[in-house]
Amino acid sequence: MLKDRITGSKALMRALQAEGVKTIFGYPGGSIMPVYDALYDYTRGEKKCFDHILVRHEQGATHAAEGYARVSGKVGVALVTSGPGVTNTLTGIADAMLDSTPIVVIAGQVPISALGTDAFQEVDLVGVAQPISKWSYQIRHAEDVAWAVSRAFYIARTGRPGPVVLDFAKNAQVEEIDWEPIHVDFVRSYVPYPKLNQEAVRQAAELINNAKKPLALVGQGVELGNAQAELIKFLEKTGIPAGRTMLGLSALPSNHPLNVGMLGMHGNYAVNLKEQECDVLIAIGMRFSDRVTGNLKTYAKQAKIIHLDIDRSEIDKNVKTDVAVVADCKESLPALTALVHKNDHRAWRDSFKPLDEQERVKVIEPAIHPKEGPLLMGEVVNAVAQQAPDDAVLVTDVGQNQLFATRYFKYHHKRSICTSGGLGTMGYGMPAAIGATFAAPERCVCCFMGDGGFQMCIEELGTIMEQKSPVKMIVMNNHYLGNVRQWQDMFWLRRKSFTKMMNPDYALIAQGYGIAYEKVSEREHLSDAVARMLSTDGPFILECLIKEEDNVLPMTPPGMNVNEMMLEI
């Protein structure tokens, strides 16, 4: 029998095929050139099985892979060269690690004979990436390709997802081997799905059944575990009100009667204050970020804490837990639902309403329905949310645009939000939105950016132009790095140190890229401009001229108690 003898580069193509990869975001270079030569045959003709998206910067490749992963639920893939090519991906890798996003970054490397010689574009990628990835590995020989790729995808997508980095030496790309597929579904000492402890479930159910004022905190773990339906069954049986973290916003529809808003520094007023009043707090797939808890010394000290999480390292890391249920929430939520009593907690839920009304009158109405003055970010987000399809995907950059967008957008379907939570990466928005359009081409993708974040990865307009990615880009231009400016005004004696921005003519930039564009500055023109944007085929840039000193409220000042949230400045 003739052996199927192929190069390591072609072995990579077959290994990616075996993992079901359809889309690759990448940028070629010297050390990855053999792979790109192999890729040529797999992206055209009868043999085509991949779409390769040529980004304009390697950081864009990782963020696009993140957006693809977040919306599709699959592993995103980025392909880059060595040296500066791969160091440009480190921000995206760290972002994916903090937000539990499954991506695999494959980078070229110098031949193993040149390792340690300071060869051209040599970087110790494994050493650099190890602290910010779930696994990093150097492929030194072609015979290791099938095993390494299968292991990488297994680690990236199982358990608590995250980024994996493969450092592909150039000699391994050109060596020939006898192809043998390998499927990895076990790694010694890696237990992605801990065994559910039924006694812990029983203890949690007992606390919930005896609670008078229970409160659920819903995180992205529900989305990552595809447990949205299981969450709703649990909440509807118990009648427990639920707040959502920023990354968990679409785990529970905005219009669900048990949704009581967004948690955190700029979340909703009632749910943040009620964290300090509840008697049982049930955290589901969330990590008690400092932006949620405020001052840990005073956070929820009156409550019994139940923590459902797949990652044992999160238990007691920030908040001391009374009962820990360590398992996939797809498994733990139904087990808990079977043991809890049916309830509605009507009086407890009604106690949220006066606080909700305070926020509506003091914050929400002035933000989304102002009577006069320049446009506000809240009203722009609201105008888009009112007209966008129910299954629209929200993508944001980082800053005030992110905080307003996540507060005022509407979420009706799962996997409807892409935003940089843990790392807070400016420049994330545009490339992540590109990835989202490839993950769900049938869904409308609305990307909100500030003028600062828009310019951080503005080169990806070239990718949008080439791919005709139908991203609806809403640039909220206030000529400031708005979030930093707000903090300078509040905490640094209004000393606006280098936050004022001189911006280019975005109309000319849009024209250069052949992207539809409109500018709006008057309130009476906003709704029609949004309608034209949403009805236009392909990409669109809507520049909105915003009040320069628009502030995000409510706000819990850093280091303060979560119930010391401010409704006004």
Side-chain angles (χ1 to χ4, degrees), residues 204-205 207-209 211-223 225-264 267-286 292 303 306 308 329 333-334 336-361 363-365 367-368 381-382 385-386 388-392 394 406-417 554 565:
L207 285 177
I208 292 168
N209 289 335
K212 304 299 181 186
K213 299 179 178 182
L215 177 62
L217 310 184
V218 177
Q220 189 192 197
V222 172
E223 294 257 63
N226 294 309
Q228 298 89 348
E230 288 80 1
L231 170 71
I232 290 173
K233 287 179 182 178
F234 167 73
L235 294 176
E236 290 181 348
K237 183 175 182 181
T238 59
I240 295 175
R244 300 109 78 222
T245 67
M246 182 180 287
L247 293 182
L249 282 170
S250 61
L252 183 67
S254 299
N255 59 1
H256 195 282
L258 292 171
N259 164 41
V260 288
M262 185 170 78
L263 302 161
N268 292 106
Y269 190 56
V271 66
N272 277 280
L273 267 62
K274 291 297 183 177
E275 287 178 276
Q276 301 296 74
E277 187 182 334
C278 67
D279 56 1
V280 173
L281 189 153
I282 308 110
I284 307 169
M286 56 88 71
V292 167
I306 300 168
L308 280 65
C329 57
L333 277 170
L336 190 56
T337 303
L339 298 181
V340 292
H341 298 160
K342 189 165 181 60
N343 209 324
D344 67 4
H345 291 289
R346 178 63 60 184
W348 165 235
R349 287 161 51 198
D350 285 346
S351 73
F352 285 66
K353 293 179 180 178
L355 298 172
D356 287 334
E357 181 64 11
Q358 287 184 50
E359 182 182 1
R360 187 190 70 79
V361 171
V363 177
I364 297 175
E365 283 300 315
I368 67 175
V381 176
N382 185 62
Q386 293 300 318
D390 281 355
D391 66 348
L394 170 70
T406 51
R407 276 182 58 83
Y408 295 117
F409 207 73
K410 301 293 186 290
Y411 312 93
H412 301 281
H413 292 261
K414 63 184 181 180
R415 296 190 176 273
S416 291
I417 180 170
M565 189 169 232

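Residue pairs meeting the side-chain hydrogen bond (donor to acceptor under 3.5 Å, both in side chains) criterion with at least one partner in residues 235-251, sequence neighbours excluded, are Glu223-Ser250, Glu236-His256, Arg244-Asn259.
His341 pairs by the side chain to side chain contact (heavy atoms under 4.5 Å, CB included) definition with Asn209, not counting sequence neighbours. Qualifying side-chain hydrogen bond (donor to acceptor under 3.5 Å, both in side chains) partners for Glu277, counting only residues two or more places apart in sequence or in other chains: Lys213, Lys274. Legend: residues meeting side chain to side chain contact (heavy atoms under 4.5 Å, CB included) with Pro334, ordered by chain and number and at least two apart, are Glu230. Taking Phe352 as the reference, Trp348 meet the ring pair (Phe, Tyr, Trp, His ring centres under 6.0 Å) condition, with sequence neighbours excluded. In this view, Arg415 satisfies the side-chain hydrogen bond (donor to acceptor under 3.5 Å, both in side chains) rule with no residue, not counting sequence neighbours. Residues passing the salt bridge (charged side-chain N to carboxylate O under 4.0 Å, His left out) test with Lys410, sequence neighbours excluded: none. Asn272 is linked by a side chain to side chain contact (heavy atoms under 4.5 Å, CB included) to Glu275, Val562, Met565, counting only residues two or more places apart in sequence or in another chain. Taking Ser254 as the reference, nothing meets the side-chain hydrogen bond (donor to acceptor under 3.5 Å, both in side chains) condition, with sequence neighbours excluded. In this view, Lys353 and Asp350 satisfy the side-chain hydrogen bond (donor to acceptor under 3.5 Å, both in side chains) rule, not counting sequence neighbours. The side chain to side chain contact (heavy atoms under 4.5 Å, CB included) check on Ala211 picks up Pro214, Asp279, Val280, with sequence neighbours excluded.
Residues Ile232 and Leu252 have side chains in contact (heavy-atom distance under 4.5 Å, counting atoms from C-beta outward). In this structure the side chain of Ile282 reaches within 4.5 angstrom of the side chain of Leu308, judged on heavy atoms. The shortest side-chain heavy-atom distance between Gln228 and Leu231 does not fall under the 4.5 Å cut-off.
Considering all non-hydrogen atoms of both residues, Leu336 and Ala205 come closest at CD1-N, 3.6 Å. The two residues Leu215 and Cys278 come nearest to each other via the heavy atoms CB-CB, 3.9 Å. Here the closest heavy-atom approach between residue Gly221 and residue Cys329 is recorded as O-SG, 3.4 Å. Across all non-hydrogen atoms, the minimal contact from Thr406 to Tyr411 is O-OH, 3.0 Å.
Proximity of a side-chain donor or acceptor of Asp344 to a complementary backbone N or O of Arg346 within less than 3.5 Å is detected. Under the 3.5 Å distance criterion, the side-chain polar atoms of Glu359 are matched with a main-chain donor or acceptor of Tyr269.
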